[in-house]
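Note: hydrogens, waters and symmetry copies are ignored here, and every other heavy atom, side chains too, is used.
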Amino acid sequence: MIASNLPAGRTVSARSRCPPLYFLLFFVASLIAACTSDPVKVDYTVTNISFKPDGAPDSVEALQYTLEVPENRSIDSSRTIPVTFLKVESRSEDPVSPIIYLAGGPGGSGITAATDRRWPLFERLREVADVILLDQRGTGRSNTIPECRSSVLLPEYKPTTRKRYINLYREALKECLEFWSRRQVDITGYTSWESAADIDAVRRALGTDKVNLPGISYGTHLALATLKRYPDHIDRLVMASSEGLDQTVKLPKLTDAYFRRLQQVIDNDSVARSHYPVISSMLRNVLERAEDHPPVFQVPASEEHAAFTYTMGKFEMQRITGYQLGDPGDISSILEGYLESQQDNYNWFRVYKYYQENPRAISFRGMPVVMELASGISQERLQLVRRQAETATLGDALNFPMPHLRGVIPGIELGDWYREPVSSGRPALFISGTLDGRTYPEATR
């Protein structure tokens with residue numbers, strides 16, 4: 001491992017662990033083999049830093065590693081991109097394999113998670129191992145993809161119907177592909193398979209044979225991809241809110257099952273039950289009325305745009321609802337928003353638009369949309385999703401942009417070989433919650 005007193009900015013590689021060539025002449029062939037067993041070079045820099053977690057009394061000392069990895073390992077001439085992570089050293093005198101935290105999203109930052117509410121988790125994990133806070137390729141300090149704000153605008157006076165919404169987003173993504181290409185970004189390199197190779201590069205930079213992988217949501221998807229690609233280098237896994245390799249697109253019927261579980265919780269509280277006697281009916285009534293009479297509201301001016309009138313269609317309302325289901329803390333807000341919408345007060349949906357920098361201009365960050373399109377969906381699951389979406393409360397809007405933008409990026413989708421289940425003898429802990437509105441207990445099982 002690299003000592004904590006390494007001079008800032010020094011560049012080292014995995015090969016530096018082997019002795020110089022003239023020493024090799026005096027060693028047996030087995031030692032030569034040991035030194036050359038990992039022939040792939042890993043170049044990186046290490047600097048000492050400190051950061052202040054939210055709510056923590058003191059700053060935390062860490063080593064910041066920045067690796068240089070190929071943007072697309074299938075292309076010999078690929079440019080390199082940075083993959084950055086923080087190593088927070090263990091307090092244990094005999095630590096187990098390093099713990100690499102895999103954030104969700106896709107698009108979440110492991111480093112940002114450490115400065116937010118998840119720091120107490122990482123602080124406890126330091127009792128058993130070094131904690132690695134990874135910014136996956138295309139996220140946080142590992143992001144070199146410029147955000148693309150397309151020229152495609154959502155209409156002011158036409159409702160965002162499913163067909164119109166999807167067609168506009170597909171047009172915008174095509175424009176963004178050209179935007180990234182002009183800036184020398186190989187967007188086809190942003191797949192979970194490539195990200196799994198980054199994790200193995202992190203392992204080699206740390207000089208360890210195995211790593212532990214705790215992940216949440218999409219992070220569990222990436223953990224499974226890494227386990228599939230490097231089965232001999234994974235120690236243990238912790239999978240919270242699991243997403244299997246063929247579960248990028250959620251089954252609409254499982255969302256309706258979630259609403260039924262939520263209703264059971266509401267029914268146990270007399271006050272809540274008086275407000276929400278049948279939440280499934282409330283949701284469907286609001287959405288069906290919006291299909292016939294789309295809500296129209298004013299979006300105020302900001303530094304980014306002038307004030308404008310906006311007409312929101314049923315599909316976009318379903319998408320917003322599905323997006324907010326990811327955090328149980330937002331459930332009360334969603335229900336209150338729908339309760340008000342029954343009285344033609346769509347303020348909850350209007351506020352969602354307020355938080356967007358430019359609500360009409362379609363934009364993409366790059367990594368999140370490409371990762372999902374690359375993981376793809378099997379034909380069998382696609383047909384199942386389509387059948388269930390016909391009667392589900394949120395249709396297939398919960399899954400946007402997959403499979404809605406499927407096929408826009410030629411050749412990006414990983415095949416059925418990628419989505420096949422992983423079989424492994426490594427110990428794994430699966431954590432699921434009945435009030436998780438996006439990654440469900442049924443999917444975890």
Side-chain angles (χ1 to χ4, degrees), residues 1-14 16-17 42-69 80-145 147 195 198-208 210-219 222-223 235 238 240 365 367:
M1 291 193 178
I2 306 302
S4 60
N5 61 353
L6 184 73
R10 179 181 174 185
T11 301
V12 293
S13 76
S16 66
R17 300 196 302 272
V42 182
D43 290 323
Y44 56 90
T45 59
V46 187
T47 56
N48 295 289
I49 70 163
S50 63
F51 63 94
K52 179 71 164 55
D54 185 33
D58 302 307
S59 295
V60 177
E61 300 299 318
L63 293 175
Q64 177 173 291
Y65 287 64
T66 298
L67 282 60
E68 291 296 326
V69 301
T80 60
I81 58 172
V83 169
T84 298
F85 64 88
L86 303 186
K87 173 186 172 183
V88 185
E89 292 188 342
S90 174
R91 296 193 183 90
S92 172
E93 295 182 358
D94 186 24
V96 300
S97 303
I99 296 171
I100 303 178
Y101 172 71
L102 302 180
S109 160
I111 295 176
T112 299
T115 62
D116 203 350
R117 59 183 179 178
R118 291 208 169 103
W119 174 248
L121 167 65
F122 302 136
E123 179 74 357
R124 289 293 301 276
L125 292 176
R126 293 178 66 190
E127 296 175 8
V128 295
D130 294 340
V131 175
I132 309 304
L133 306 168
L134 172 65
D135 275 358
Q136 301 160 30
R137 61 169 50 206
T139 71
R141 302 183 192 184
S142 302
N143 184 27
T144 58
I145 309 174
E147 181 177 359
S195 198
D198 294 341
I199 293 173
D200 194 63
V202 170
R203 176 192 67 78
R204 288 183 281 115
L206 292 170
T208 183
K210 287 183 170 64
V211 293
N212 293 291
L213 298 180
I216 185 168
S217 189
Y218 166 75
L222 178 55
D235 196 346
V238 177
R365 285 172 53 199
M367 180 274 198

Which atom of [X] lies closest to which atom of [Y], heavy atoms considered:
X    : Y    : answer
A129 : P98  : CB-CA, 4.5 Å
G110 : A103 : N-CB, 4.0 Å
P53  : A114 : CB-O, 3.5 Å
T66  : P82  : CG2-CB, 3.8 Å

Between [atom1] of [X] and [atom2] of [Y], what distance do you get to the nearest 0.5 Å?
X    : Y    : atom1 : atom2 : value
I199 : L102 : CD1   : CG    : 4.5 Å
I100 : K87  : CD1   : NZ    : 11.5 Å
T84  : N143 : OG1   : CG    : 10.5 Å
T112 : D54  : OG1   : CG    : 12.0 Å
S142 : R137 : OG    : CZ    : 9.5 Å
I111 : D135 : CD1   : CG    : 3.5 Å

Any side-chain heavy-atom pair of [X] and [Y] under 4.5 Å:
X    : Y    : result
S92  : V128 : no
S90  : D130 : yes
R126 : V88  : yes
F122 : L86  : no
N212 : V238 : no
I216 : R118 : yes

Item to check | side-chain contact (heavy atoms from CB on, under 4.5 Å) assessment of L67 paired with D198 | outcome: CA-CA 9 Å; L67 282 60; D198 294 341; over 6 Å; no
Checklist entry - For I132 and I99, what are the C-alpha separation, side-chain angles and deciding distance, and is it a side-chain contact (heavy atoms from CB on, under 4.5 Å)? => result CA-CA 6 Å; I132 309 304; I99 296 171; over 6 Å; no
Item to check | Donor-acceptor contact present, side-chain R365 to main-chain G107, <3.5 Å | outcome: yes
Next on the checklist: When you measure from the side chain of Y44 to the backbone of A205, do you find a donor-acceptor pair of N or O atoms at a distance under 3.5 Å?
Outcome noted: yes
Checklist entry - With sequence neighbours left out, what residues match K210 under side chain to side chain contact (heavy atoms under 4.5 Å, CB included)? => result S97, D235
Next on the checklist: Go through it in stages, so that I can follow the logic: the residues are W119 and F51, the test is side-chain contact (heavy atoms from CB on, under 4.5 Å), and I'd like the CA-CA distance, side-chain angles, deciding distance and then a yes or no.
Outcome noted: CA-CA 11 Å; W119 174 248; F51 63 94; 3.9 Å; yes
Checklist entry - Going through the distances and angles, do D200 and V211 end up as a side-chain contact (heavy atoms from CB on, under 4.5 Å)? => result CA-CA 9 Å; D200 194 63; V211 293; over 6 Å; no
